[in-house]
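In what follows, chains carry the letters A, B, and so on, assigned in the order in which the sequence lines appear, proteins first and then strands, with residues in each chain numbered from 1. The structure displayed is predicted, hence computed values, not measured ones.
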Protein chains: 2
Amino acid sequence: MLSRYFTDEGYRVSTAESGDELRDRMRREEPDIVLMDLMLPGEDGLQLARDIRAHSDVGIIMITGRSDVVDRIVGLEIGADDYIAKPFNLRELHARIKTVLRRLRPNHDAPEPKQAENLICFEGWRLSAERRELRDPAGREVPLTTGEFDLLLALAQRPGRVIDRDTLMDLTRGRGREAFDRTIDAQVARLRKKIETAPHKPTLIKSVRGVGYVFTGQVSRG
Amino acid sequence: MLSRYFTDEGYRVSTAESGDELRDRMRREEPDIVLMDLMLPGEDGLQLARDIRAHSDVGIIMITGRSDVVDRIVGLEIGADDYIAKPFNLRELHARIKTVLRRLRPNHDAPEPKQAENLICFEGWRLSAERRELRDPAGREVPLTTGEFDLLLALAQRPGRVIDRDTLMDLTRGRGREAFDRTIDAQVARLRKKIETAPHKPTLIKSVRGVGYVFTGQVSRG
DNA sequence: CGGTTTTCGTTACAAATTGTCATAAAGTCT
DNA sequence: AGACTTTATGACAATTTGTAACGAAAACCG
């Protein structure tokens, strides 16, 4: 079931039935991430995970039946990157996988290397990551709340790239979002009201239906 | 039957009756993609596939009789790029082949490397991939919805090339489309209404009966 | 601490977008 | 021309997004 879902989502998926098979796959296919159930038939999942972590930097996400905090701690302690308890929903698992991948491949997703003064300029506006402030083209400071600032920064650091809501949530708050969460939408609306001249026809932050938002301002750093 | 069909579609097709013959062909002809039935007479299809994958990056699509999820998993697990269960229809197989080819040869089909400003100009219009906006010859912005923009971009990035509906669907939404899906047609109609002066006699996006659509505007990038 | 003020998540409803369907129109073939 | 396919397009329903409003939580402030 998992295999099917993630294949459809565009991932390349392999499965292994045993620790040996897993090790074999790792050598051959060099996966980016390993998803494993703690409860393995006839094998110690924890030991296996510890083992893999000892030999590789691959991302590891543990799945477990018991939702004990103990398990969580133990799981993370041995070096798993994240942990999810059954029953879980696929979207949440997917979100966590994306998060781990993002953390693992900094170049793929990271904000531009922070050089100079960490100043992001677009269409006359200046956003300073250091000072956590935004100035409009006339040089006046536009007061942003913490959440608005984080959101704008997350978007403006990745101009031209569509970012889905889960990722935005993760980027601005750390943890994933619930199923029918409109938090990001609301925050985008508030932010637009402050920085767009015509919030109904936004030019800086555009929506991409079914996905998320993009920052479409012309960015130059300085 | 397959050979006939794909030859007619303009592909170069070779067939092999055995694993040895396949290996031989691979050396001589360096195919882009291998289509193989899991059920081979007197040979282990899985092992053969694994073997090929070990030596080459060729695209592999597995065909199998049983539609078990198990098979699917096993097929993808050994590194096949896609999988299709009998009975399948040719159009679907063709769509999957195109998808795999597209994935494998990024340069053949990918949007131009994003340089400069990623601006596509045609007949006075300017389409900016970065800003996700379109401006008419007079410089006025023409508001496009997400779907319209994605469609126009997909077409305009490949001027003069006929693109079939499956590919368009794949290009604009990621996953394939159902059999009698008029989605693309509807979207094309909506797009034409916004950018063609005479939507009934389109000059920018033309239909190609039995296939799909072409972008026929004179394109220059800048 | 208690009282204020902000901020933000949630909800509800409006607006926009898009898939689907039905029907008309156009194209193809004999 | 007639029969049959394929495409165009308006209408409509389902989905997704925008945004105001409300109240809980957090931050602030003596």
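- Put simply, the side chain of Arg165(B) gets close to the backbone of Val211(B): a donor and an acceptor are under 3.5 Å apart.
- Residue Leu191(A) contributes atom CG, which lies 14 Å from atom C1' of dG18(D) at whole-angstrom precision.
- Considering only side-chain N and O atoms, His200(A) lies under 4.0 angstrom from the phosphate OP1 or OP2 of dT19(D).
- In this structure, a donor-acceptor pair under 3.5 Å is absent between the side chains of Arg192(A) and Thr203(A).
- In the helix from dC1(C)-dG30(D) to dT30(C)-dA1(D), the terminal helix axes, each the rotation mapping four pairs' C1' atoms onto the next four within five end pairs, subtend 40°, rounded to 10°.
- When the side-chain nitrogen and oxygen atoms of Tyr213(A) are compared with OP1 and OP2 of dG18(D), one or more of them lie within a distance under 4.0 Å.
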Every protein N/O lying under 3.5 Å from an N/O of nucleotides 3-8 of chain C:
| unit_1 | atom_1 | unit_2 | atom_2 | d |
| --- | --- | --- | --- | --- |
| dC8(C) | OP1 | Gly147(A) | N | 2.9 |
| dC8(C) | OP2 | Thr145(A) | OG1 | 2.4 |

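- The shortest distance between the side-chain N/O atoms of Arg165(B) and the OP1/OP2 oxygens of dT7(D) is below 4.0 Å.
- Thr167(B) and Asp164(B) share a side-chain donor-acceptor pair at under 3.5 Å.
- For the 3.5 Å distance criterion, the side chains of Tyr213(B) and Asp185(B) qualify, holding a donor opposite an acceptor.
- Atom pair Ile205(B):CD1 and dT7(D):C1' shows a separation of 14 Å (rounding to whole Å applied).
- Straight-line distance from the CZ atom of Arg192(B) to the C1' atom of dA26(C): 12 Å, rounded to whole Å.
- Side chain Arg209(B) to base dT28(C): no donor-acceptor pair is found below 3.5 Å.
- Remark: the Arg182(A) side chain and the dG9(C) base include no donor-acceptor N/O pair separated by less than 3.5 Å.
- Across Val58(B), Asp32(B), Ile33(B), Ile60(B), a single residue satisfies side-chain contact (heavy atoms from CB on, under 4.5 Å) together with Val100(B), and that is Ile33(B).
- With rounding to whole Å, Ile184(A) atom CD1 is found 16 Å from dT11(C) atom P.
- Atom CD of Glu196(A) and atom P of dT19(D) are 10 Å apart (whole Å).
- The interatomic distance linking Asp185(B) (CG) with dT6(D) (C1') rounds to 9 Å, in whole Å.
- Rounded to a whole Å, the NZ atom of Lys201(B) is 16 Å from the C1' atom of dT7(D).
- Side-chain atoms of Gln157(B) do not come within 3.5 Å of backbone N or O of Ala154(B) as any donor-acceptor pair.
- Listed pair Lys193(B) / dA8(D) fails the phosphate criterion, with no side-chain N or O lying under 4.0 Å from OP1 or OP2.
- Arg135(A) places no side-chain N or O within donor-acceptor distance of the main-chain N or O of Trp125(A), the cut-off being under 3.5 Å.
- To the nearest angstrom, P of dT17(D) lies 13 Å from CG of Asp181(A).
- Defined by atom type and a distance below 3.5 Å, a donor-acceptor pair is missing between the side-chain atoms of Glu123(A) and Gln218(A).
- When heavy atoms are screened at a 4.0 angstrom cut-off, Phe149(A) is found touching no nucleic acid atom at all.
- Side-chain N or O atoms of Lys194(B) include none that pairs as donor or acceptor with a backbone N or O of Val142(B) at under 3.5 Å.
- Under the 3.5 Å distance criterion, the side-chain polar atoms of Thr172(A) are left unmatched by any main-chain donor or acceptor of Asp150(A).
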